[in-house]
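Residue numbers start from 1 in every chain, and the chains themselves are labelled A, B, ... in the order their sequence lines are given, proteins ahead of strands. The model shown is predicted, which means the values in this text are computed figures rather than measured ones.
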Amino acid sequence: MFDPQRGFVDPLLAWHERHGRHDLPWREPDRTPFEILLAEVLLQRTTAEAVAGAYRPFAARYPTPGTIAAAPTEEIEALVAPLGLVKRAAYLRRCASEILAWNSGDVPREHSELVNLHGVGEYTARSVLIHVTGLGIAAVDTNVKRLLSRFFGVTADRDRIAVLADALAPSTRSGDFQHAMLDFAAEVCTAGSPACSSCPVREPCASSEG
DNA sequence: AAGACGGGGAT
DNA sequence: ATCCCAGTCTT
């Protein structure tokens, strides 16, 4: 009987300790909940490498909801422009205003409140919960969907994958596990030409190329 | 249930 | 030339 803890979760955590992208600026331990939320929005459909080059000035200029809510939209747009999806500038400004108006400037810690923020959907809300509160759940993005679909040999929509991902997520270290899945999918279990020959979970993987 | 948003890197 | 990227909002 396959044990997902020993056969998947533990190997991914071990891989992450050694090969994870530990230098990404939004993963620095003293990042505030709002700085984490900023990063998650900038990362929507955008490579971590691209966001890494734009994040520090962005977070430095808008460290709080108040600072970005008071900024001209065109100024925010200029900082988002190199990343594409420039509408996120307006989303962020409106989101910051909502956090000010509805929660006194504190990033909500409840899923139901997070998903009501403009520009915050299921993935971003879960990411904030994982990295801010340490809640033992997972967030399904394109990387996690691909990784779990391949490894478990299932063709399922995001909601079905999310049930599986939540079941795998450890009750502690859920942030490390989330990062492990993201980094592993981005560097080994890639969309095109996955590096199966050097994959630490090749043997149990349903889609292994041998 | 589709379409729009989007620049930049990889193939 | 085409695909892909820590998705979400709007028809």
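- Below 30°, between 30° and 60°, or above 60°: for A/Y91 and A/H118 the angle between ring planes is above 60°, a perpendicular geometry.
- Contacts with DNA chain B (heavy atom under 4.0 Å) in residues 18-48 of chain A: A/R45, A/T46, listed by number.
- Aromatic ring pairs are classed by plane angle as parallel below 30°, tilted from 30° to 60° and perpendicular above 60°; the pair A/Y62 and A/F58 is perpendicular.
- Summarising the geometry, atom CG belonging to A/L135 is positioned 10.0 Å from atom OG belonging to A/S171; distances are rounded to the nearest 0.5 Å.
- Ring geometry, A/Y55 versus A/W26: the interplanar angle exceeds 60°, so the pair is classed perpendicular (tilted spans 30 to 60°).
- The stretch residues 119-130 of chain A comes close to DNA chain C through A/G119, A/V120, A/G121, A/E122, A/Y123, A/T124, each having a heavy atom under 4.0 Å from the strand.
- The distance from the CD1 atom of A/I36 to the CG atom of A/L43 is 11.5 Å, given to the nearest 0.5 Å.
- What you find for A/A180 and A/L12 is that their closest heavy atoms are CB-O, 3.7 Å.
- Grouping the Ile, Leu, Val, Met, Phe, Trp and Tyr side chains by contacts below 4.5 angstrom, directly or via other members, places A/V154 with A/F184.
- The stretch residues 30-42 of chain A participates, sequence neighbours left out, in these salt bridge (charged side-chain N to carboxylate O under 4.0 Å, His left out) pairs: A/E28-A/R31, A/R31-A/E35.
- For the residue pair A/Q44 and A/T124, a side-chain donor N or O sits within less than 3.5 Å of a side-chain acceptor on the partner.
- Each of A/E49 and A/L117 lies near DNA chain C, and the nucleotide nearest A/E49 is the one positioned closer to the 5' end.
- Only at 4.0 angstrom or more do the heavy atoms of residues 137-150 of chain A sit from any atom of DNA chain B, so none qualifies.
- A gap of 22 Å separates the C1' atoms of C/dA6 and B/dG3, to the nearest Å.
- Between A/F2 and A/F152, the angle of the ring planes goes over 60°, which puts this pair in the perpendicular group of the 30/60° scheme.
- Taking the side chain as every heavy atom from C-beta outward, A/P108 and A/L117 approach each other to under 4.5 Å.
- A distance of 10.0 Å separates CD1 of A/I76 from CZ of A/R61, quoted to the nearest 0.5 Å.
- There is a side-chain donor-acceptor pair under 3.5 Å between A/H111 and A/E122.
- Within the 3.5 Å criterion, the main-chain N or O of A/A185 finds a donor-acceptor partner in the side chain of A/R146.
- If you take CZ of A/R158 and C1' of C/dA6, they are 12 Å apart, rounded to a whole angstrom.
- Separation of the P atoms belonging to B/dG8 and C/dT8 is 23 Å when rounded to the nearest angstrom.
- Within residues 79-99 of chain A, the residues having any heavy atom closer than 4.0 Å to DNA chain B are, in order of number, A/A81, A/P82, A/L83, A/G84, A/L85, A/V86, A/K87.
- The two residues A/A71 and A/R93 make their nearest non-hydrogen contact at O-NE, 2.7 Å.
- Within residues 162-192 of chain A, the residues approaching DNA chain C are A/L182, A/A191, by heavy-atom distance under 4.0 Å.
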